J.: 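This is the structure I want to talk about, given as structure tokens.
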Amino acid sequence: MTSKKPSRLGFLVNPIVRENAVLILMIGLCPVLATSTSARDALGMSAAASFVLIFSNVVVALVRKFVQPTIRIPIFIIIISTFVTIIDYVLQAYQPSLYQVLGVFVPLIVVNCIILGRAEAFAYGHGVFDSFLDGLGNSLGFTLVLVVLGSLREFFAVGTVFGYVVTPAWYRSAPMLFMIFPPGAFLLIGILKALVAKFKLDKR
């Protein structure tokens with residue numbers, strides 16, 4: 001019996017929906033819940049996490065042959081924290097309002113399960129280009145979920161999307177405020193997960 005080797009296109013495409021880290025593996029949920037209260041905040045967090053994920057994957061793949069297995073995790077954390085420090089300073093300098101909103105969740109990217117997981121499970125065993133594709137695919141999957149969730153929460157809780165009014169005045173006078181709180185986020189994640197599960201079952 002032979003196992004089919006994933007293609008490079010699979011490294012890029014599969015993490016977006018079929019192997020989505022948030023909706024399928026259910027990891028990295030803390031920043032998803034905390035920073036998806038609006039579409040803008042969700043997009044900002046996605047951009048920061050994607051920068052760290054893609055570049056840490058590439059650097060881990062570059063140095064993997066020189067890293068002893070016994071010290072690989074501390075090395076991964078050093079690499080990831082370097083890119084987190086870069087994006088932390090960039091946000092402070094150029095997007096201070098967004099940095100204030102994201103708060104502690106920017107430095108906490110260091111311990112994001114998705115990023116450390118991809119370094120351990122993929123980049124440490126693959127080449128630079130494949131690791132870049134894996135980082136890009138997982139970033140797109142994370143961004144897709146976060147932005148959709150942020151847009152839905154903002155829509156139901158405030159009546160806007162990216163700050164633009166999209167609902168009538170009567171709705172905005174009595175919106176579904178609970179969507180801005182964690183129970184609303186859990187409810188929407190459950191609905192999105194159910195939709196993905198149905199999509200996967202229909203494909204079989």
Side-chain angles (χ1 to χ4, degrees), residues 10-54 56-57 80 84 87 98-99 101-122 134-164 166-167 171-172 174-204:
F11 294 152
L12 175 66
V13 174
N14 288 343
I16 298 176
V17 176
R18 290 177 60 85
E19 299 171 4
N20 189 281
V22 177
L23 296 180
I24 304 301
L25 302 178
M26 299 297 285
I27 59 177
L29 289 180
C30 290
V32 171
L33 294 173
T35 63
S36 63
T37 52
S38 74
R40 175 181 175 270
D41 298 346
L43 187 59
M45 185 64 193
S46 300
S50 297
F51 170 79
V52 177
L53 174 55
I54 293 170
S56 61
N57 250 21
I80 293 168
V84 171
I87 198 65
L98 179 62
Y99 180 79
V101 171
L102 297 180
V104 72
F105 288 96
V106 175
L108 281 180
I109 293 174
V110 173
V111 291
N112 187 299
C113 301
I114 300 172
I115 296 171
L116 188 58
R118 296 323 298 168
E120 167 71 3
F122 192 93
D134 179 78
L136 181 60
N138 278 281
S139 296
L140 291 173
F142 184 72
T143 299
L144 177 65
V145 173
L146 210 59
V147 172
V148 168
L149 192 62
S151 299
L152 290 173
R153 291 179 74 183
E154 183 181 344
F155 174 85
F156 287 116
V158 186
T160 64
V161 175
F162 282 103
Y164 294 99
V166 293
T167 55
Y171 180 84
R172 295 195 303 280
M176 300 168 65
L177 278 176
F178 81 96
M179 285 295 183
I180 210 75
F181 300 110
F186 276 119
L187 175 63
L188 290 174
I189 287 177
I191 293 172
L192 292 175
K193 185 172 176 59
L195 291 174
V196 170
K198 184 178 187 315
F199 172 78
K200 290 182 70 175
L201 289 174
D202 290 344
K203 285 289 185 181
R204 291 176 183 172

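Quick caveat, the model's predicted, so the values are computed rather than measured.
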J.: Hey, does the side chain of N112 reach the backbone of G28 with a donor-acceptor pair shorter than 3.5 angstrom?
T.: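 Side chain of N112 to backbone of G28, a donor-acceptor pair under 3.5 Å: no, none is there.
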
J.: Please identify which of these residues, L53, L144, I115, V52, meets the side chain to side chain contact (heavy atoms under 4.5 Å, CB included) condition with S139.
T.: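 Of the listed residues L53, L144, I115, V52, the side chain to side chain contact (heavy atoms under 4.5 Å, CB included) partner of S139 is L53.
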
J.: May I ask you to decide if I180's main-chain N or O and R153's side chain share a donor-acceptor pair within less than 3.5 Å?
T.: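 Yes, because the side chain of R153 sits within donor-acceptor range (under 3.5 Å) of the backbone of I180.
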
J.: Look up atom CG in N57 and atom CD1 in I54, then write down how far apart they are to the nearest 0.5 Å.
T.: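 Result: 8.5 Å between the selected atoms.
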
J.: Can you see which heavy atom on F105 is nearest to which on M45, and at what distance?
T.: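 So the minimum-distance heavy-atom pair works out to O-CE, 3.4 Å.
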
J.: Checking T167 side chain against G159 main chain: does a donor-acceptor pair fall under 3.5 Å?
T.: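 Yes.
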
J.: If I compare all heavy atoms of I27 with all of C113, which pair ends up nearest, and what's the gap?
T.: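 The pair with the smallest heavy-atom distance is CB-CB, 4.1 Å.
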
J.: What distance do R40 atom CZ and T160 atom OG1 have between them, rounded to the nearest 0.5 Å?
T.: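 So the CZ of R40 and the OG1 of T160 are separated by 12.0 Å.
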
J.: Evaluate the side-chain contact (heavy atoms from CB on, under 4.5 Å) criterion for residues L23 and L195: first the C-alpha distance (whole Å), next the side-chain angles of each, then the deciding distance (0.1 Å), finally the verdict.
T.: CA-CA 10 Å; L23 296 180; L195 291 174; over 6 Å; no

J.: Quick one, F142 with V32, criterion side-chain contact (heavy atoms from CB on, under 4.5 Å). Give me CA distance, side-chain angles, the key distance, then yes/no.
T.: CA-CA 9 Å; F142 184 72; V32 171; 3.6 Å; yes

J.: Does the E154 side chain pair with the main chain of G163, one donor and one acceptor, at a distance under 3.5 Å?
T.: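 Side chain of E154 to backbone of G163, a donor-acceptor pair under 3.5 Å: yes, one is there.
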
J.: Would you check if L12 and L136 make a side-chain contact, meaning some heavy-atom pair closer than 4.5 Å?
T.: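 The answer is yes, as the side chains (C-beta and beyond) meet within the 4.5 Å cut-off.
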
J.: What are the two closest heavy atoms between Y171 and F156, and how far apart are they?
T.: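 In this case the closest contact between Y171 and F156 is OH-O, 2.6 Å.
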
J.: Between atom CG of L146 and atom OG of S50, what is the distance when rounded to the nearest 0.5 Å?
T.: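 Between L146 CG and S50 OG, I get 9.0 Å after rounding to 0.5 Å.
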
J.: Over all heavy atoms of both residues, which pair between L177 and A157 is shortest? Give the atoms and the distance, please.
T.: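 Closest pair (atom of L177, atom of A157, distance): CD2-O, 3.6 Å.
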
J.: Got V147 and S46 here, is their nearest side-chain heavy-atom distance under 4.5 Å?
T.: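 Yes; the side chains approach each other to less than 4.5 Å.
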
J.: Testing the basics here: between N138 and R118, what is the closest heavy-atom pair and its distance to 0.1 Å?
T.: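 Nearest heavy atoms, N138 then R118: ND2-NE, 3.4 Å.
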
J.: Check N20, V148, V22 against L192 for a side chain to side chain contact (heavy atoms under 4.5 Å, CB included) and give me the one that passes.
T.: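 Among N20, V148, V22, the one meeting side chain to side chain contact (heavy atoms under 4.5 Å, CB included) with L192 is V148.
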
J.: Quick one: do L187 and M179 satisfy side-chain contact (heavy atoms from CB on, under 4.5 Å)? Show the steps, please.
T.: CA-CA 8 Å; L187 175 63; M179 285 295 183; 3.9 Å; yes

J.: Just wondering, are more than 12 heavy atoms of other shown residues or ligands nearer than 6.0 Å to CZ in F186?
T.: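 Check fails, neighbour count at 12 or below.
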
J.: Apply side-chain contact (heavy atoms from CB on, under 4.5 Å) to L108 and C30, showing your working.
T.: CA-CA 10 Å; L108 281 180; C30 290; over 6 Å; no

J.: Which heavy atom of A185 sits nearest to which heavy atom of L33, and what is that distance?
T.: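 Heavy-atom minimum between the residues: CB-CD2, 3.5 Å.
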
J.: Using 0.5 Å steps for rounding, measure from the CZ atom of F51 to the CD1 atom of I87.
T.: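 The distance works out to 5.5 Å.
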
